[in-house]
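All values reported here derive from a predicted model rather than from experimental measurement. The analysis underlying the following values was restricted to heavy atoms, covering all of them including side chains, and did not include hydrogens, waters or symmetry mates.
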Amino acid sequence: MDSRHDDKRMNVEDDRLSSLPDCLVHKILSFISIKHAIQTSVLSSRWRFIWTSMPYLNLSRDDFTLLPKFSEFVKHVLSDRNNQTEMSSVKLTLHGEDSDVFVKQIIKYAFSHNIQTLNVATVLESDVQIPLFLFSSRSLKHLSFMMKCSAVREYRTIVEYLTYYFKATSTWDFPALTTLYLHSVTLCCDEHNDPCIDLFSKCANLKDLTIRDCFMNGFEVVSICLPLLSNLTLEQSISGSVKDINIVAPQLKNLTITDFQHKNYLISAPNVVCLLYKGYHCLQPPANDFLSLEKADICVFYPKCAHQVLCLLQRLHSVKFLTLSLEIVEVISSVYVVHPIQQ
């Protein structure tokens, strides 16, 4: 009696799973890795091959103890997947010295299937060279590269930190891109290229840009001239040969800069609402900019003189909420008589 009851219950549950539309099943499976998604094929006869038409691909090296097992699995997934199905999203989590091969293989496949979202997170022990075809995509909307050093290298000097490696030969052609997150990316410009090349000029729809701990070799100027940019975060963002960072963003609302090097920032962003700045030296925004500023949080560790601090504060005259670091307050308080700054 119990056996028949259990069989009937399993049949009912199987029917319920089978009745779900493919798009809903795909969405449910997108929250787990592709390995676990394939394992769900035992839940229903109709689910047996449904993973092959998923527009989402979540590949994680953490699901495999041995690299050869992971390698074989990647080949299986890419070869057995329905090639007629476009790729909406790829999430790639890797670790280990040989992951460079997988990054190239998977990204190449994804770009050949009109990928829209690509997230790569790695914990590696060697640099990852990104293939050149990545610099051009008509379909890509969201791109993220994030890297953390492995535990065995954390004690080493910052010069040895690992990166994704791009050889910048031209501007990035991403007409559909709206979100770009770069962490530990190395961009190299050789003697045959313009050291002032504007990498982002063909990303006209970019709205959110984050650059963290990146290294640029051979560049003199970094230009961020984006008509629709709304959020810009530069956190210890650009080291190397870069001297000037030129920002032209008429729609920019939120600007965050953390800079412990002496870079020259040329900023044109009249609609900034929130400004967060942390660095060794005073930021010098343009005199007639930041007219819409509502909130500013300014932290300068080593302000050189009161004049620079007062110039900075004068250019933030429209701000409604202002937070200053102790070092700035001490410099201001050391001045007994403050003369009006000549225009």
Side-chain angles (χ1 to χ4, degrees), residues 87-94 103-104 106-108 110-111 114-122 128-148 162-189 196-217 219 221-240 242 245-259 263 265 267-269 272 274 276:
M87 187 70 70
S88 173
S89 174
V90 171
K91 182 179 180 182
L92 190 56
T93 305
L94 298 171
V103 171
K104 294 179 180 179
I106 297 168
I107 290 180
K108 182 177 181 180
F111 271 67
N114 297 321
I115 186 173
Q116 297 182 25
T117 300
L118 175 62
N119 294 302
V120 182
T122 57
V128 177
Q129 294 194 21
I130 304 300
L132 289 177
F133 61 77
L134 178 62
F135 290 106
S136 179
S137 172
R138 313 303 293 182
S139 60
L140 193 64
K141 296 181 179 179
H142 308 280
L143 176 61
S144 173
F145 282 98
M146 182 172 64
M147 180 179 289
K148 296 180 180 179
L162 303 170
T163 67
Y164 299 100
Y165 181 86
F166 293 91
K167 187 175 181 181
T169 57
S170 62
T171 56
W172 293 14
D173 190 7
F174 296 133
L177 194 68
T178 61
T179 304
L180 178 59
Y181 183 96
L182 300 176
H183 179 206
S184 295
V185 169
T186 293
L187 291 165
C188 290
C189 180
C196 300
I197 187 173
D198 186 354
L199 291 175
F200 308 110
S201 62
K202 294 184 180 180
C203 304
N205 287 301
L206 194 59
K207 297 180 180 179
D208 296 279
L209 174 60
T210 299
I211 303 177
R212 295 185 57 205
D213 298 324
C214 292
F215 183 85
M216 291 192 172
N217 185 26
F219 291 87
V221 178
V222 172
S223 293
I224 302 175
C225 304
L226 299 166
L228 299 182
L229 190 66
S230 179
N231 302 293
L232 175 60
T233 299
L234 305 174
E235 294 185 358
Q236 302 181 36
S237 55
I238 300 171
S239 58
V242 175
I245 297 179
N246 183 27
I247 301 172
V248 179
Q251 300 300 320
L252 189 63
K253 299 296 183 183
N254 301 294
L255 175 60
T256 299
I257 298 175
T258 303
D259 184 4
K263 296 285 190 299
Y265 287 88
I267 304 174
S268 176
V272 166
C274 180
L276 304 178

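- For D208, there are no salt bridge (Lys or Arg N to Asp or Glu O under 4.0 Å) partners two or more places apart in sequence or in a different chain.
- Qualifying side chain to side chain contact (heavy atoms under 4.5 Å, CB included) partners for S144, counting only residues two or more places apart in sequence or in other chains: N119, Y181.
- Take L180 and apply the side chain to side chain contact (heavy atoms under 4.5 Å, CB included) test, not counting sequence neighbours, and it matches L143, W172, L177, L182, F200, L206, L209.
- Distance CD/Q116 to NZ/K141: 4.5 Å, rounded to 0.5 Å.
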Next on the checklist: Please determine whether side chain to side chain contact (heavy atoms under 4.5 Å, CB included) holds for the pair S230 and Q251, giving the CA-CA distance in whole Å, both sets of side-chain angles, and the decisive distance to 0.1 Å.
Outcome noted: CA-CA 6 Å; S230 179; Q251 300 300 320; 5.9 Å; no
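- N205 places a side-chain N or O within 3.5 Å of a backbone atom of P175 that can act as its donor or acceptor partner.
- For N246, the side chain to side chain contact (heavy atoms under 4.5 Å, CB included) test picks out S223, C225, V248, L266, with sequence neighbours left out.
- Nearest heavy atoms, S139 versus I115: OG-O, 2.7 Å.
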Item to check | Residues L276, I257; criterion side chain to side chain contact (heavy atoms under 4.5 Å, CB included); working and verdict | outcome: CA-CA 6 Å; L276 304 178; I257 298 175; over 6 Å; no
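- Atom CD of E235 and atom CD1 of I211 lie 11.0 Å apart (nearest 0.5 Å).
- The minimum heavy-atom distance between C214 and S184, with the atom names listed, is SG-N, 4.1 Å.
- Across all non-hydrogen atoms, the minimal contact from K207 to L229 is O-CD1, 3.4 Å.
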Checklist entry - Please walk me through it: do L234 and I247 pass side chain to side chain contact (heavy atoms under 4.5 Å, CB included)? => result CA-CA 11 Å; L234 305 174; I247 301 172; 4.2 Å; yes
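- Partners of P227 according to the side chain to side chain contact (heavy atoms under 4.5 Å, CB included) rule, which considers only residues two or more places apart in sequence or in another chain, do not exist here.
- For the atom pair H183 NE2 and M146 CE, the distance stands at 8.0 Å (nearest 0.5 Å).
- Tested against V272, the residues L252, N254, L232 include a single side-chain contact (heavy atoms from CB on, under 4.5 Å) partner, L252.
- Looking at T210, its side chain never comes within 3.5 Å of a backbone N or O of T233 through a donor-acceptor pair.
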Item to check | Step-by-step side chain to side chain contact (heavy atoms under 4.5 Å, CB included) determination, N114 to M87 | outcome: CA-CA 6 Å; N114 297 321; M87 187 70 70; over 6 Å; no
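- The two residues A110 and V90 make their nearest non-hydrogen contact at CB-CG2, 3.9 Å.
- Rounding to the nearest 0.5 angstrom, the gap separating the CZ atom in F174 from the CG atom in L140 is 5.5 Å.
- Here T179 pairs with H142 under the side-chain hydrogen bond (donor to acceptor under 3.5 Å, both in side chains) rule; sequence neighbours left out.
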